[in-house]
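Please read the structure below before turning to the comments.
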There are 2 protein chains.
Amino acid sequence: MENHAQPVSQVIANQIEQMVLDGALKPAQKIPSERQLSNRLGVSRTIVREALHALQGRGVIKTRHGQGSFVARIVPEPEDESPLMQLFFSHSRTLFDLYEVREQLEGQAAYLTAQRGTEEDFYRITQAFEAMERADPLANAELDHAFHKAIVEASHNAVLVHILASLKKLLLHSVHASVANLSHRPQVRQQIDKHHRQIYHAIINRQAQWAQKAAAAHVRHVCESIREIEKQERHIIREAITDTAAG
Amino acid sequence: MENHAQPVSQVIANQIEQMVLDGALKPAQKIPSERQLSNRLGVSRTIVREALHALQGRGVIKTRHGQGSFVARIVPEPEDESPLMQLFFSHSRTLFDLYEVREQLEGQAAYLTAQRGTEEDFYRITQAFEAMERADPLANAELDHAFHKAIVEASHNAVLVHILASLKKLLLHSVHASVANLSHRPQVRQQIDKHHRQIYHAIINRQAQWAQKAAAAHVRHVCESIREIEKQERHIIREAITDTAAG
DNA sequence: TCCCGAAAACTGGTAGGACCAGTGATCGAT
DNA sequence: ATCGATCACTGGTCCTACCAGTTTTCGGGA
């Protein structure tokens, strides 16, 4: 006995929206193509498209021609090289502000994960962690991201997941934060690895307080390292200029 | 030379929404049928339907099978905040996730303010605090708002200010009723006032850790009070229903 | 004449096929 | 190994047909 009280397209839209709210669909994640959904759900592509348009109207998803549909970000799309972004990051001050906020939220994510993470969550985190440990030498930034992402997503707080995803995207867009630079400095890299191990073990041992502190300390350390590097660069530039002036 | 930068369905949706905002289409007014629009606009009915679904998602129109589509929204609504954020606020399940994040951020704001607040900042905070204390009886939500705002802005972290401003703005719109209710419960109100005093004194004495804990505890308390009220309301409703059934 | 009920003429909802238009990966030639 | 064309994806648009509600119409019976 199918209740045709509301159209199928609305049912589908609500279902998908619920999945986003529950965190089953992560921010910026690609959702199946219209034709795939059409097949799996046993409805026409027309209906799927109408559902997706409704979600688009609600701001839940973002559709790009030729690419697919993606879960929307909680902060409005940065718009490539928008003047706002330029302004935002022209002052490295706001970059550090971002890091300050991130420090707090990463800490909380670690705390919550240590508290409520399931065995499945821990399995995923362990995999990410071990992959990172194995590939240590070149220190792929991807793996670093994956590790933190696994932790955040295990916090079971959809809002936290969305906000941190947005923050990270903002940080990536910033020209300053070339994390690549960090990895090339041995002592910094070593400290980062140590932090990662601390965070990991605190979480799987469900030591929430510890996990929080370790995660916060980690972000703070990264931020301060960047600050340090910037200072050094400024110094080098100044020296170069004075050299030129002297010569 | 039509730029196909954005899909036709979106163009149509925006056009119709604009007409509603301009007042060309009045609330509850019936808009032309899909087939009529299809003919007049020179596009397929499919496209018209997709546009209408988008508008439906935005809450601009309401469609009834066999009757047509009607303008729904009376309030133009600026829509300046992240739509996804609004969604998180509208579902009570994720509302608590939101509070969890806010707890952390308010805590950090208090911490930073206690640490780096200037005398001017403290003056503003003091004014807000004393105004709130004086006007205690009716417990105006505005003053509460102003007090927290003063603290956050004194944190000297632009990102934090921005995020918390967005959160609070949405909070005012969503659980406005609940907040009003909170003030009317003596013991809750008393606890809130106590928290405010703790936060205030910790900040002006530059006890950052304390300020952080007090602010976080404050938000957590508010959140749990709302949770409690919701539970009570559910209980009342259930009783009413069983009463009806019994009668 | 008036009233009722069936039919017709609307309304939106669903289906499936065909094709266009971007995007990205694949693979072949250089 | 590099570059470029091709191909297999993605969403965007159109069409045609049909189903399912709602309203109007209109004809036959009282």
Side-chain angles (χ1 to χ4, degrees), chain A residues 1-17 20 25-73 77 79-81 142, chain B residues 1-17 19-20 25-73:
Chain A
M1 168 96 193
E2 314 282 340
N3 267 351
H4 281 244
Q6 57 178 348
V8 181
S9 66
Q10 279 186 31
V11 176
I12 294 176
N14 289 335
Q15 206 80 20
I16 294 178
E17 176 180 312
V20 173
L25 292 174
K26 316 291 182 193
Q29 178 176 347
K30 183 175 185 299
I31 69 181
S33 74
E34 294 171 354
R35 289 171 177 87
Q36 280 181 35
L37 284 175
S38 167
N39 282 334
R40 290 196 209 165
L41 299 176
V43 300
S44 71
R45 190 179 154 217
T46 310
I47 298 306
V48 172
R49 281 182 61 76
E50 288 176 359
L52 293 184
H53 275 84
L55 290 174
Q56 230 173 323
R58 295 185 215 171
V60 177
I61 67 171
K62 196 105 180 167
T63 298
R64 283 191 287 271
H65 189 170
Q67 301 184 31
S69 292
F70 306 81
V71 178
R73 295 182 182 279
E77 284 298 317
E79 295 294 338
D80 316 321
E81 308 302 329
E142 298 285 330
Chain B
M1 187 182 94
E2 310 285 337
N3 269 351
H4 278 20
Q6 57 178 348
V8 181
S9 65
Q10 278 185 30
V11 176
I12 294 177
N14 290 336
Q15 206 83 20
I16 294 178
E17 182 174 22
M19 289 176 72
V20 173
L25 293 174
K26 309 288 184 192
Q29 179 177 347
K30 182 175 183 299
I31 69 180
S33 74
E34 295 170 356
R35 289 171 176 88
Q36 281 180 33
L37 283 175
S38 168
N39 282 335
R40 290 194 210 166
L41 298 175
V43 299
S44 73
R45 191 181 153 214
T46 309
I47 298 305
V48 173
R49 282 181 60 77
E50 288 178 355
L52 293 184
H53 275 85
L55 290 174
Q56 228 172 324
R58 292 185 217 172
V60 178
I61 67 171
K62 203 93 181 170
T63 298
R64 281 190 287 272
H65 189 171
Q67 302 184 31
S69 294
F70 306 82
V71 179
R73 203 175 55 206

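Chain letters run A, B, ... following the sequence lines, proteins first, then strands; residues in each count from 1.
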- prompt: Given that A:T46 and B:L52 both sit by DNA chain C, which one's nearest nucleotide is further toward the 5' end?
  reply: B:L52
- prompt: In Å, rounded to the nearest 0.5 Å, how long is the span from CD1 of B:I61 to NZ of B:K30?
  reply: 11.5 Å
query: Which part of the nucleic acid, if any, lies within reach of B:R49 when heavy atoms closer than 4.0 Å are counted: base, sugar-phosphate only, or nothing?
result: base
message: Check this for me: does the side-chain of A:R35 come within 3.5 Å of the base of D:dG11 through a donor and an acceptor?
response: yes
message: Nearest whole Å is fine: how far is C:dG12 P from B:N39 CG?
response: 12 Å
- prompt: Roughly how far, to the nearest 0.5 Å, is the CG atom of B:L55 from the CD atom of B:E50?
  reply: 12.0 Å
field: Spacing between B:E50 atom CD and C:dT14 atom C1', to the nearest angstrom
entry: 14 Å
statement: Testing C:dG12, C:dT14, D:dT10 for proximity to the side chain of B:S33, the answer is C:dG12
Nucleotide of C:dA21, C:dT11, C:dT14 approaching B:H65 most closely (side-chain heavy atoms): C:dT11
task: Return the value, rounded to whole Å, for the distance between atom CG of A:L37 and atom P of C:dG16.
output: 15 Å
field: Length of the CG-C1' vector between B:L41 and D:dT13, whole Å
entry: 14 Å
- prompt: When you measure from the side chain of A:T63, which nucleotide among D:dT23, C:dT14, D:dG12 comes out closest?
  reply: D:dG12
- prompt: To the nearest 0.5 Å, what is the distance between OG (A:S38) and CD1 (A:I12)?
  reply: 9.0 Å
- request: Using the closest heavy atom to pick a nucleotide of DNA chain D for each, name whichever of A:S69 or B:G66 lands nearer the 5' end.
  value: A:S69
field: Separation of C:dT23 P from A:R64 CZ (nearest whole Å)
entry: 10 Å
field: Out of D:dT13, D:dC14, C:dG12, whichever nucleotide has its closest atom nearest the side chain of A:R45
entry: D:dT13
field: With sequence neighbours excluded, residues passing salt bridge (Lys or Arg N to Asp or Glu O under 4.0 Å) with A:R45
entry: A:E34
Side chain to side chain, A:Q29 and A:F70, heavy atoms closer than 4.5 Å: no
message: Side chain of A:S44 only, heavy atoms from C-beta on: which candidate in D:dG11, C:dG16, D:dT22 is closest?
response: C:dG16
task: Examine C:dT11: is either OP1 or OP2 under 4.0 Å from a nitrogen or oxygen in the side chain of B:Q36? Give yes or no.
output: yes
- prompt: Rounded to the nearest Å, what distance is computed from the NZ atom of residue B:K62 to the C1' atom of nucleotide C:dG12?
  reply: 15 Å
field: Length of the line joining B:I47:CD1 and D:dG12:P, which is rounded to integer Å
entry: 9 Å
message: Quick check for you: among D:dC14, D:dG12, C:dA15, whose closest atom lies nearest to any side-chain atom of A:E34?
response: D:dG12
message: Within the 4.0 Å heavy-atom criterion, would you say A:Q10 contacts the bases, only the backbone, or no part of the nucleic acid?
response: nothing
task: Looking only at side-chain atoms of A:H53, point me to the closest of D:dG12, C:dT14, D:dT10.
output: D:dG12
query: Near A:K26 NZ, under 6.0 Å, is it more than 12 heavy atoms from other residues, nucleotides or ligands?
result: yes
query: Can you tell me if the side-chain N/O atoms of A:Q6 get under 4.0 Å from OP1 or OP2 in C:dG13?
result: no
